[in-house]
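A short worksheet on the structure shown next.
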Amino acid sequence: MSSQIAGLLQLIALIVALALAYRPLGDYMARVYSSEKHYKPEKWIYKVIGADPAAGMRWPAYLRGVLAFSAVSVLFLYLMQRVQGSLPGSLGFSSIDPDQAFNTAASFVANTNWQSYYGEQAMGHVVQTGGLAVQNFLSAAVGMAVAVALVRGFARSRTGELGNFWADLVRGTVRILIPVSVIGAIVLVACGAIQNFSGIHQVGQFMGGTQEWNGGAVASQEAIKELGTNGGGYFNANSAHPFENPNPLSNLFEVFLILLIPFALTRTFGRMVGSLKQGYAILGAMAVIWLGFTALMMWTEFAHRGPAFEVAGGAMEGKETRFGIAGSSIFAVATTLTSTGAVNSFHSSYTGFGGGITMLGMQLGEIAPGGVGSGLYGMLIMAIIAVFIAGLMVGRTPEYLGKKIGTRQIKLAACYILITPALVLGFTAVAMALPTPGDSMTNSGAHGFSEILYAYTSGANNNGSAFAGLNADTQWFNTTIGIAMLLGRFLPIVFVLALAGSLAEQKPVPETAGTLRTDKPLYSGLLVGTILIITGLTYFPALALGPLAEGLAS
């Protein structure tokens, strides 16, 4: 069987698995966020944190909850790293330096999981499991809560209440993320991933030195790392490491976990707004982009150009032979079109166009299907922009789901889509202009520029994957990427919740013969076109200086 056919079969199996899980999981999540019942463990949590889960919140109160909880999480994780040397289970590792501790704390709380350290050589069991893995659950639950708040903004009318942040946070964690992660961890252990708290072991000599490995609660962290679209690996090699991702079956299962909740949330959206067709329209736009990017990535990496490519069967540099080009391409697209950041190959070693595809996936806003929660609310923002453009074409006030899209809504949506490009391009320009950041580049020319552009694209879009080749463990990159991650996560949330509040206050607009049908394939096509055009106009000059120039020169 050829590698191309094997890749196609993997893609078909993945689509079938996602299709089977789509309806039950989507409906279940809609019930979770619509229920007024509180389980006993949840009541205990509410009592400890002093929250009233029945109290409705307007958008400023909901936002204060998000920001306060996230600020405390950053501080807690930062302090945990700074005192690691005094904690039990540290494996003898010292405390983390201030700039790297800030970067890591910001990264995991912002659902980015950018890592400028070697996981197995820097973090002990307590920090890995009690700090980083916990934030994998909580940051994902925050994203889901914000998405649900926006959905309620569309579903509700003549009220400013968007639900209760603390109830949404706890339910998302207890009822969705933990149960699915437990099942996922068991599957990964069955596939060969490790799960223990062993210390450091010498495993032999390697190139004249002693090679050492340490164990850890890897399978449990790997499950929520993928399910919550986090991406931070227990080991520096991330999902290319055999302890995290042992074989092609585990590789395909990890891709399934990455895409599971973001795709299923479109059905949750349809259920909560009372129209499954609206959810299918959003799903269709996501699926078209995801399948298109996957096909394009496979084509660029399988293309035979020169004797080395002919012998290897494609661009095998930087890829695991366990997964091959197909498994690596599917994983790379899934991880960059979501906010996961996990990698099973090195994106820097992809072809020039292949590396550009990974970057463009993040620059779209990671909305196809995007991160857990963030993908849905990012796509709904783009849906509002598409409706506005359609309204301009026909000369009538745009409407979406029975809500008028007026000046206030468009301003909030515009601010949302402008924040991340401003961070990415601004920080990249400054880093290229200053003499010191350039010293961290392994390569010069277009590829070196791509290394820095990728780093800030990954950080500001809360992806977390690395292009490889860039030494990001410097005070400059730890600080600036940390700032980009925090601003790229929480500034958009401000505008999402403000938009949700403005929509919830409106009274529904009756549908007329002139109302744009947003549940039809034509609208899904308009949405895809809007996304590609806005992204192309924003990022094309920067992409032309990096991956496009490299691809055309090769």
Side-chain angles (χ1 to χ4, degrees), residues 33-34 36 38 45-46 48-76 106 109-111 138-173 269 272-273 371-374 376-381 383-385 400-420 422-423 462 483 485-508:
Y33 288 112
S34 301
E36 296 183 0
H38 306 290
I45 296 174
Y46 298 140
V48 170
I49 64 178
D52 178 8
M57 291 182 173
R58 299 177 70 84
W59 79 264
Y62 204 100
L63 176 62
R64 286 195 296 271
V66 171
L67 296 180
F69 177 76
S70 300
V72 170
S73 297
V74 170
L75 180 61
F76 176 79
V109 173
N111 198 242
L138 298 179
S139 63
V142 169
M144 295 168 68
V146 173
V148 169
L150 179 57
V151 173
R152 291 192 186 114
F154 286 110
R156 296 179 177 182
S157 59
R158 299 178 181 177
T159 176
E161 294 186 356
L162 301 176
N164 185 284
F165 167 70
W166 304 108
D168 292 338
L169 175 73
V170 172
R171 287 177 181 175
T173 304
F269 162 69
M272 294 183 70
V273 299
V372 169
S374 61
L376 179 61
Y377 65 67
M379 182 60 89
L380 292 177
I381 294 291
I384 289 174
I385 298 294
Y400 187 59
L401 299 178
K403 300 295 178 70
K404 286 187 176 182
I405 307 302
T407 304
R408 174 174 170 79
Q409 288 74 36
I410 287 298
K411 286 180 178 178
L412 292 171
C415 288
Y416 176 94
I417 64 174
L418 289 173
I419 288 170
T420 306
L423 291 172
N462 301 132
I483 293 171
M485 289 186 291
L486 291 175
L487 295 179
R489 171 70 163 181
F490 296 108
L491 280 180
I493 286 177
V494 173
F495 297 110
V496 169
L497 292 177
L499 176 62
S502 71
L503 294 171
E505 292 172 350
Q506 291 188 28
K507 61 181 180 180

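Any value given below was found using the heavy atoms of this structure, including those in side chains, with hydrogens, waters and symmetry copies removed. This is a predicted model, so every value here is computed, not measured.
By the 4.5 Å heavy-atom criterion applied to side chains, L418 and F495 are not counted as neighbours. In this structure, the side chains of V151 and L376 come closer than 4.5 Å at one or more pairs of heavy atoms. Put simply, the side chain of I417 reaches to within 4.5 Å of the side chain of I381, judged on heavy atoms. Taking 4.5 Å as the limit, some side-chain heavy atom of L380 sits within range of a side-chain heavy atom of Y400. Proximity of L499 to Y416: side-chain heavy atoms (C-beta onward) are nowhere separated by under 4.5 Å. Taking 4.5 Å as the limit, some side-chain heavy atom of V148 sits within range of a side-chain heavy atom of M272.
Checked by atom type and distance alone, the side chain of K403 pairs as donor or acceptor with a backbone atom of G153 at under 3.5 Å. A donor-acceptor pair under 3.5 Å is absent between the side-chain atoms of N164 and the main chain of M57, judged by distance alone. Listed for the Q506 side chain is a donor-acceptor partner under 3.5 Å among the backbone atoms of K404.
Identified under the salt bridge (Lys or Arg N to Asp or Glu O under 4.0 Å) test for residues 496-506, with sequence neighbours left out: R58-E505. Residue pairs that meet the salt bridge (Lys or Arg N to Asp or Glu O under 4.0 Å) test with at least one member in residues 143-168, sequence neighbours left out, are R152-D168.
Among F490, F165, Y377, the one residue that satisfies the side chain to side chain contact (heavy atoms under 4.5 Å, CB included) test with V146 is Y377.
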